[in-house]
2 protein chains.
Amino acid sequence: MTDRITLYSMPSSGNSYKLRLMLALLGRPYTHVALEDGTPELDRAKAQGLLPQGKLPALHLDDGTVLVESNAILWFLAQGSDWIPADPLDQARVLAWMFFEQNRHEPVIAGRASLRCYENRRAQATPERMAELLESGHALLAILDQGLAGRDWLVGHAPSLADIALYAYTHSAGSRGGFDMARFPNIAAWCVRMAALPGHIELDHIP
Amino acid sequence: MTDRITLYSMPSSGNSYKLRLMLALLGRPYTHVALEDGTPELDRAKAQGLLPQGKLPALHLDDGTVLVESNAILWFLAQGSDWIPADPLDQARVLAWMFFEQNRHEPVIAGRASLRCYENRRAQATPERMAELLESGHALLAILDQGLAGRDWLVGHAPSLADIALYAYTHSAGSRGGFDMARFPNIAAWCVRMAALPGHIELDHIP
């Protein structure tokens with residue numbers, strides 16, 4: 001792919017980080033428009049209609065096409081690469097982890113982190129809600145840890161989109177979400193492998 | 001594909017219905033093991049380890065492989081068919097709707113329906129929670145209705161997995177979820193088109 005692409009993303013968010021990490025690992029050039037929560041730049045981009053449904057991340061192609069949903073954009077960027085396995089069954093397994101991430105993992109793991117770390121969410125962080133998210137988050141992380149038992153990567157013998165999608169919010173689940181990551185040794189070892197991939201970049205701090 | 005497949009599913013659930021609808025539209029034979037919530041058969045299947053993470057639906061292949069996550073199973077079943085567009089951009093658009101469904105639509109649309117319709121969920125259906133889900137559900141259905149404005153199908157000029165994934169919980173959002181579907185004329189017309197597809201089957205009633 002040689003078309004120019006522009007990524008509108010929130011650097012401190014995991015869903016946005018997935019895409020910047022993918023682009024870095026692919027070594028693909030792109031224009032980055034960084035829009036943090038609560039900034040006039042974000043309000044302006046919304047008002048200009050640059051973000052469908054007002055959501056980040058959004059990928060703009062040269063011809064005006066706009067793609068949304070982080071995991072769908074991952075799929076678009078990785079087409080034709082080894083990050084999507086060719087085998088039909090492995091492809092379904094990769095998507096199964098990606099749907100698990102968006103339906104179950106992200107709402108809890110990213111949800112608790114955002115209640116702890118973003119000023120404008122703190123009022124909703126009641127002790128009951130935080131305890132509930134802690135317990136369900138540990139159960140979800142146990143599923144991921146189990147999925148990594150005896151293997152280097154979530155699907156097959158090489159890293160895939162499943163690893164990118166799950167890594168985004170998992171690797172900061174301890175520091176941001178307050179989850180007890182010492183319980184999950186397979187996740188810890190996998191995070192070290194992910195961080196060692198050539199081209200790997202870090203998640204930005206919350207401003 | 002000629003391999004024999006066995007679908008473990010809950011007939012009254014939208015996530016399971018997606019797969020039975022897809023198999024019916026593809027005209028593909030399969031063995032169906034129906035497991036409704038709160039039955040001894042479901043407890044037995046869980047105890048026998050037939051359902052990874054205890055979740056339905058699950059697809060068993062002849063060689064012992066088990067696939068989970070309704071939208072990933074849809075992808076597996078539809079590979080090589082017209083239900084997945086060949087164009088890379090349209091493929092990403094289909095997945096964008098499917099991730100929207102699992103991350104935002106299903107938790108609210110199916111969530112409210114299950115609180116209203118399943119006996120064992122009713123205690124959690126507080127007036128505040130139901131009002132909140134009604135409002136956010138109408139906003140999500142408005143996004144879907146807008147996505148169908150001026151078009152017959154969600155992506156391209158033919159029905160795709162995006163339509164199957166979104167139809168499952170949307171077509172019963174009025175009767176089960178109590179949403180005001182009269183607000184969404186594009187959804188209403190699309191539901192009529194979906195129901196007219198050759199091979200279409202209905203969602204089962206809640207027992």
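These values consider heavy atoms only, across backbone and side chains, with no hydrogens, waters or symmetry-generated copies. Order of the sequence lines sets the chain letters (A, B, ...), proteins ahead of strands, with each chain counted from 1.
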Side chain, backbone, both or neither of Pro88(B) within contact of chain A (heavy atoms, under 4.5 Å): both
Portion of Thr65(B) that has a non-hydrogen atom of chain A nearer than 4.5 angstrom: side chain
Max heavy-atom pair count under 4.5 Å with chain A, selected residue of Leu89(B), Ile143(B), Leu74(B): Leu89(B)
Nearest heavy-atom neighbours spanning Leu95(B) and Ala72(A): C-CB, 3.8 Å
Contacting region of Ile73(B) [heavy-atom separation from chain A under 4.5 Å]: neither
Glu106(B) CD to Phe99(A) CZ distance, which is reported to the nearest 0.5 Å: 11.5 Å
Pairwise distance CD(Gln91(B)) to CZ(Phe76(A)) - rounded to 0.5 angstrom: 11.0 Å
Residues in residues 43-56 of chain B near chain A [non-hydrogen atoms, under 4.5 Å]: Gln53(B), Lys55(B)
Other residues, nucleotides, ligands: >12 heavy atoms within 6.0 Å of Asp180(A) CG: yes
Interface moiety of Gln146(B) toward chain A, non-hydrogen atoms closer than 4.5 Å: neither
Part of Glu69(B) lying under 4.5 Å from any heavy atom of chain A: side chain
CG on Asn103(B) to CG on Asn71(A), rounded to 0.5 Å: 8.5 Å
